[in-house]
Amino acid sequence: MSRYDFAQTELKWQAIWEQRRCFAAHEDATRPKYYVLEMFPYPSGRIHMGHVRNYTLGDVVARFKRAQGFNVLHPMGWDAFGLPAENAAMQRRVHPAAWTRENIATMRQQLQRMGLSYDWEREFATCDPEYYAHEQKMFLDFLREGLVYRREAWVNWDPVENTVLANEQVIDGRGWRSGEPVERRKLAQWFLKITEYADELLDTLKELERWPERVRLMQENWIGRSEGARVLFRLAGRDDRLEVFTTRPDTLFGASFCAIAADHPLAVERAENNPALAAFLADCARGATSEAAIETQEKRGFDTGLRALHPFDAEWQLPIYVANFVLTEYGTGAIFGCPAHDQRDLDFARAYGLPVVPVVAPTDIGAASFSIGAEAYLGPGRLINSRFLDGLSVAEAKAEVTRRLVADGAGEKKINFRLRDWGVSRQRYWGCPIPILNCPKCGILAVPEADLPVRLPEDVDFEAPGNPLDRHPTWKHVICPQCGGAAVRETDTFDTFFESSWYFARFCSPHAANGLDRAAVDYWMPVDQYIGGIEHAILHLLYSRFFTRALRRCGRLGVDEPFAGLMTQGMVCHETYRAEDGRWLSPDDVVREGDRWTEHQSGRPVVVGRSEKMSKSKKNVVDPEGIIEAYGADTARLFMLSDSPPERDLEWTDAGVEGAWRFVNRLWRMVETAVEDAPAEAGDASDGAAVAALHRDVHTTISRVTEDLDKFGFNRAVARIRELTNSVADLTGETPPIREARRKALGIIVQLIGPLMPHLAEELWQRLGHNRLLALEPWPIADPALLVKDRVTLGVQVNGKLRGTLEFAMNADEAQIRSAALALPKVAEAIGGRALRKVIVVPNRIVNVVV
RNA sequence: GCGGGCGUGGUGGAACCGGUAGACACGCGAGACUUAGGAUCUCGUGACGCAAGUCGUGGGGGUUCAAAUCCCUCCGCCCGCACCA
């Protein structure tokens with residue numbers, strides 16, 4: 001028997017699939033379509049295990065659906081713009097374009113080695129002008145539709161490098177290269193009005209039934225619809241008013257201060273004549289802009305000296321503070337603080353010695369004895385200390401306050417969203433240029449259609465900090481199309497989420513001159529199954545949902561939702577290793593001898609840490625290429641699928657890979673033995689039963705594996721296939737009927753592993769005597785007659801504890817089961833002569849005797 | 001800080017809708033085969049116990065004839081937070 005030569009076999013079938021264009025997709029109205037898409041990768045250099053997992057999952061779905069008769073679209077491309085290319089340019093003096101192209105070439109070759117059934121004819125990279133040209137047009141369409149506007153927004157500013165920093169470039173409030181504390185700066189930037197669709201994006205979540213519940217929840221919370229009131233506070237000694245949004249208008253009588261954001265117009269105004277306040281505002285402008293950074297910093301405030309008048313009592317004055325925890329972007333950038341019923345307000349009030357008056361008391365505690373300690377009270381109750389609201393429920397009080405505010409012209413009911421408009425301007429080189437001109441006479445203008453696309457210039461340098469587009473000698477200088485005078489280009493580029501917000505539609509017509517060919521897009525969209533990491537649960541998916549609606553509004557496509565089904569896969573993890581001195585060690589650097597782990601080079605002991613997400617910084621990475629070289633793509637794929645369910649984290653272990661490898665070889669041997677045909681033996685009567693049992697097993701397995709794959713239960717499917725493999729191995733003997741049954745069962749196993757281990761399956765399929773490619777074969781169908789179970793095993797419990805089992809025909813008579821259960825010796829013993837209170841018989845499942 | 005999730009043997013996990021916990025693997029132990037094997041095959045393997053049996057799904061509490069599954073609470077870990085992709 002020959003050994004399985006995986007390397008030669010895998011390359012052979014990959015060449016045949018490509019030659020025959022097995023996976024090229026064409027629109028065909030006579031067949032049901034199925035569009036399966038994995039999140040396309042950023043070409044960072046080499047593929048990592050996360051990619052291998054993601055693309056294996058997608059490929060299994062693609063191959064399975066193809067076998068089930070669907071017309072499958074399964075494309076792949078490159079999310080090619082982004083920060084790492086610029087970092088490489090600065091650190092290694094390679095041009096971002098060259099670096100990106102090189103990485104794409106490497107990674108394409110690595111993906112092809114995995115045997116993924118992509119239609120490579122549809123491949124594109126988002127840094128191709130043929131790709132980004134269309135998004136410049138889309139942006140101008142959106143501008144015409146009123147979906148785009150320009151305003152100032154905060155950025156992280158590195159004062160040493162004179163550069164805008166991404167949040168990830170801010171480490172502990174300092175620039176990653178300069179090490180200096182970052183500042184917040186305001187810059188004019190372009191925004192897309194995603195908030196115009198806030199309601200729709202929220203409401204439609206309900207209809208995304210094939211999305212994970214948790215992703216829908218996260219999006220719901222992100223959009224953050226909240227009902228409340230807009231309250232206008234008059235200001236002592238002034239004519240203008242302070243506008244505040246609150247979700248708790250019922251607590252208005254518990255207010256003890258107002259707080260405004262550091263860049264609120266009132267704060268800025270008061271700082272003009274108040275150096276201490278100005279210093280405080282400057283202090284607030286230090287530090288990173290991320291919400292996590294802002295919300296975890298110490299809560300601090302500064303009294304502006306302004307006093308707000310309570311809307312229901314002009315005698316009642318509330319101090320107005322500037323507070324560093326009030327977010328400019330949320331609501332009106334101003335709040336009223338009710339310390340008794342909001343934790344942040346309480347922390348603030350305790351720090352600044354402000355009164356804490358409870359106004360809602362839980363019904364089971366008397367109003368008199370209710371007081372607030374270290375924790376704000378957020379629960380339900382009745383209003384107290386609140387004049388005309390006393391005794392009302394929270395809901396009633398909200399309604400009543402709002403009614404009175406409206407009557408007094410001091411406020412109104414208001415629905416507010418946490419969702420903010422999407423800022424798309426980036427002060428970077430390696431992105432899609434924003435097609436806008438700035439003329440000193442005519443103002444801000446769109447680049448005329450005829451001049452599109454605005455191409456990125458290639459001749460740029462990264463020696464100086466800041467945006468190379470901005471300091472390019474000629475690129476930004478243009479003639480104004482309106483007045484013929486000198487004008488300049490916008491030197492910002494788009495957020496790279498822009499590219500990934502419509503690439504799924506471009507795959508439908510990747511070569512169409514007009515970007516999206518309606519016939520093709522209408523045929524393929526929406527994506528039936530989208531697969532990718534949970535880390536994209538909010539931003540990428542929400543932007544894509546918005547973009548799809550914006551494109552629909554411009555008539556470029558006809559669907560609302562881009563992704564009908566979504567699967568979010570978990571991370572790939574590995575144990576971590578550290579040397580005694582704390583250095584991280586790579587799995588390649590350590591050896592295990594029994595329970596002892598040592599450093600390969602020095603023989604010094606190694607501390608084994610828990611399994612964590614593979615990351616370069618912890619060195620716990622395993623390179624997929626090495627695994628594929630050593631074991632082949634099928635083994636890597638099988639391991640990715642067999643242990644953990646896709647949505648859960650997967651722990652990469654050598655032992656697990658070995659296990660997968662052994663199964664590959666076991667199947668190979670079994671098929672080799674089966675086709676070698678040892679001399680036949682005479683059969684006997686017992687063969688019939690064994691053959692029939694295997695036959696039933698085969699059909700049960702077909703049915704269960706089909707169901708498992710439908711539900712993405714790949715690990716269960718693998719377990720079922722292994723069980724059937726064990727059954728085939730257990731059927732010994734060389735009589736003709738046994739031999740025939742074994743060959744048939746192996747044929748089915750080969751078909752079932754087809755989507756999981758396509759190369760091995762293709763090879764074995766041929767060896768079993770088939771001429772057609774397995775990749776083109778239909779999926780096996782289970783015979784329903786063989787799926788009916790005729791006997792069941794019932795558990796018998798006494799007071800919920802298992803005391804024995806009974807075998808019965810399906811749907812046997814309950815009275816019979818009951819008496820048989822009571823007759824079991826162990827059951828009788830457990831009852832011990834006590835009186836029966838009840839006997840519960842759950843048909844075909846369990847009997848519980850209650851005494 | 002806010003939002004979301006996860007937790008089952010030595011390990012990864014299985015268990016449909018509340019109904020026999022631990023399928024399938026990995027690891028480990030014993031044996032067989034072999035010149036040899038880190039190959040292959042057979043048997044065993046949740047814990048405690050000689051056994052009968054008892055205990056057991058992160059901890060505590062509750063609902064139920066019956067809870068890994070439902071409810072409350074606590075703990076631990078992970079992910080996202082708008083300029084990483």
Side-chain angles (χ1 to χ4, degrees), chain A residues 39 41-42 44 79 81-84 153-156 164-170 189 194 212-215 217-222 224 289-297 299 325 329 343-344 347 418-428 495-497 500 533-540 542-543 570-571 573 610-613 642-645 647-651 653-660 662-663 665-666 669 707 713 715-716 718-723 726 729 793-805 837-840 842 844-851:
Chain A
M39 290 178 184
Y42 178 76
S44 54
D79 188 13
F81 277 137
L83 206 49
W154 292 106
V155 293
N156 299 310
V164 176
L165 297 179
N167 283 335
E168 76 155 7
Q169 297 174 314
V170 179
Q189 309 193 51
I194 189 171
E213 187 57 39
R214 59 169 164 155
V215 174
L217 242 177
M218 280 193 248
Q219 293 217 347
E220 190 181 319
N221 289 325
W222 185 262
T289 59
S290 78
E291 190 175 318
I294 291 167
E295 294 225 13
T296 46
Q297 68 196 354
K299 288 172 187 53
F325 64 90
E329 312 258 5
Q343 193 59 47
R344 284 185 305 186
D347 295 343
R418 207 186 76 95
L419 181 68
R420 308 198 297 255
D421 278 332
W422 175 14
V424 295
S425 299
R426 296 291 180 271
Q427 297 71 39
R428 318 219 177 278
D495 177 9
T496 57
F497 275 123
S500 56
I534 185 71
E535 66 273 19
H536 293 292
I538 296 172
L539 292 181
H540 161 58
L542 195 61
Y543 290 148
M571 298 174 305
C573 302
R610 51 186 201 80
S611 185
E612 291 184 64
K613 177 184 180 171
S642 55
D643 269 359
S644 302
E647 63 277 7
R648 215 166 319 161
D649 287 352
L650 176 136
E651 194 187 340
T653 60
D654 289 346
V657 185
E658 293 280 348
R662 279 204 289 274
F663 184 66
N665 286 289
R666 183 170 184 224
R669 281 194 307 274
E707 197 181 308
N715 55 326
R716 289 194 302 267
V718 170
R720 304 283 86 93
I721 293 169
R722 293 185 109 126
E723 276 175 317
N726 291 342
T793 307
L794 298 159
V796 182
Q797 301 176 330
V798 178
N799 284 349
K801 272 192 183 161
L802 190 73
R803 297 297 173 180
T805 57
R837 276 182 43 211
K838 213 194 285 190
V839 179
I840 293 154
V842 182
N844 303 323
R845 278 188 196 275
I846 208 160
V847 182
N848 192 7
V849 181
V850 187
V851 295

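Only this structure's heavy atoms are used, side chains among them; waters, hydrogens and symmetry mates stay out. All chains are named by letter (A, B, ...) in the order of the sequence lines, taking the proteins before the strands, and each is independently numbered beginning at 1.
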Is any side-chain N or O of R716(A) under 3.5 Å from a base N or O of rC24(B), one able to act as donor and the other as acceptor?
no

Say we look at rA68(B) and rC17(B): how far apart would their P atoms be, to the nearest angstrom?
16 Å

Under 4.0 Å, counting only non-hydrogen atoms across every strand here, what does E291(A) touch: a base, just sugar-phosphate, or nothing?
base

Under 3.5 Å donor-acceptor pair, Q189(A) side-chain atoms to rC83(B) base atoms:
yes

Minimum side-chain heavy-atom gap N715(A)-R648(A) below 4.5 Å
no

For a quick check of understanding: with a heavy-atom distance under 4.0 Å over all strands, which category does I294(A) fall into, base, sugar-phosphate or nothing?
nothing

Nearest-Å distance, CG (L217(A)) to P (rG80(B))?
18 Å

Are N799(A) and rC65(B) close enough that a side-chain N or O sits under 4.0 Å from OP1 or OP2?
no

In whole angstrom, what separates R666(A)'s CZ from rU40(B)'s P?
10 Å

Separation of F497(A) atom CZ from rC84(B) atom P, in whole Å?
8 Å

Applying a 4.0 Å non-hydrogen cut-off, can you work out what S425(A) is touching in the nucleic acid: base, sugar-phosphate, or nothing?
base

Taking atom C1' of rC2(B) as reference, at what distance in whole Å does atom CH2 of W222(A) sit?
11 Å

P-based separation of rC65(B) from rG60(B) [nearest Å]
23 Å

Checking base pairs now: Watson-Crick or wobble, both atom distances under 3.5 Å. What partners rC2(B)?
rG80(B)

Determine the interatomic distance between P on rG44(B) and the same-named atom on rC26(B); round to the nearest Å.
16 Å

Measure from the side-chain heavy atoms of M218(A) and tell me the nearest of rG3(B), rA82(B), rC83(B).
rG3(B)

Check whether any side-chain N or O of R426(A) sits under 4.0 Å from OP1 or OP2 of rC83(B), and answer yes or no.
yes

May I have the distance from R669(A) (atom CZ) to rC41(B) (atom P), rounded to whole angstrom?
5 Å

With the side chain defined as heavy atoms from C-beta on, T296(A) is closest, among rG80(B), rA14(B), rG1(B), to rG1(B)

Any non-hydrogen side-chain atom of R803(A) less than 4.5 Å from a side-chain atom of V849(A)?
no

For rU34(B), what is the paired nucleotide under Watson-Crick or G-U wobble rules, both distances under 3.5 Å?
none

With no angle test and no hydrogens, is the base of rC83(B) tied to the side chain of N167(A) by a donor-acceptor pair under 3.5 Å?
no

For the pair R418(A) and E291(A), find out whether any cationic side-chain nitrogen is under 4.0 Å from an anionic carboxylate oxygen.
yes

Would you say rG12(B) has OP1 or OP2 under 4.0 Å from some side-chain N or O of R648(A)?
no

More than 12 non-hydrogen atoms from neighbouring residues, nucleotides or ligands closer than 6.0 Å to CG on D654(A), yes or no?
no

So what's rU57(B) paired with, Watson-Crick or G-U wobble, going by both distances under 3.5 Å?
none

If I pick the P atom on rU8(B) and the same atom on rG3(B), what distance separates them, to the nearest angstrom?
26 Å

hbond_proxy Q427(A) side chain to rC83(B) base (donor-acceptor, 3.5 Å cutoff):
yes

Sticking with atom C1', work out how far rC24(B) lies from rA15(B), rounded to a whole angstrom.
12 Å

rA85(B) phosphate, OP1 or OP2: any side-chain N/O from T496(A) under 4.0 angstrom?
yes

Donor + acceptor pair across side chains of R837(A), N799(A) (<3.5 Å)
no

Atom pair CD (Q219(A)) and CG (L539(A)), whose distance is rounded to the nearest 0.5 Å:
9.0 Å

Rounded to the nearest angstrom, tell me the gap between atom CG in N726(A) and atom P in rC43(B).
10 Å

Is there a side-chain contact between N715(A) and the phosphate of rA14(B), meaning an N or O under 4.0 Å from OP1 or OP2?
yes

Complement of rA15(B), any strand, by Watson-Crick or G-U distances under 3.5 angstrom
none

Please give the distance between the C1' atoms of rG22(B) and rG9(B) as a whole number of Å.
7 Å

Just to be sure I understand the rule, does T805(A) reach a base, reach only the sugar-phosphate, or reach nothing, if contact means heavy atoms closer than 4.0 Å?
base

Checking all strands, does M39(A) fall into the base, sugar-phosphate, or nothing category for heavy-atom contacts under 4.0 angstrom?
nothing

Touch class at under 4.0 angstrom, heavy-atom based, for V164(A) against every strand present:
base

Considering only atom P, compute the distance from rG10(B) to rU45(B) and round it to an integer number of Å.
16 Å

Distance below 4.0 Å between K801(A) side-chain N/O and rC55(B) OP1 or OP2
yes

The reported gap from CZ in R420(A) to CD in E329(A) (rounded to nearest 0.5 angstrom) is 4.5 Å

Nearest-angstrom distance from the residue atom CG of D649(A) to P of rU11(B):
17 Å

Give the rounded distance in Å between these two atoms: CG of L539(A) and C1' of rC79(B).
13 Å

Check this for me: does any side-chain nitrogen of one of E707(A) and R716(A) sit under 4.0 Å from a carboxylate oxygen of the other?
no

Taking any strand in view, what nucleotide pairs with rU45(B) in a Watson-Crick or G-U wobble way, both distances under 3.5 Å?
rG27(B)

Euclidean distance for P, rG13(B) against rG58(B) (whole angstrom):
13 Å

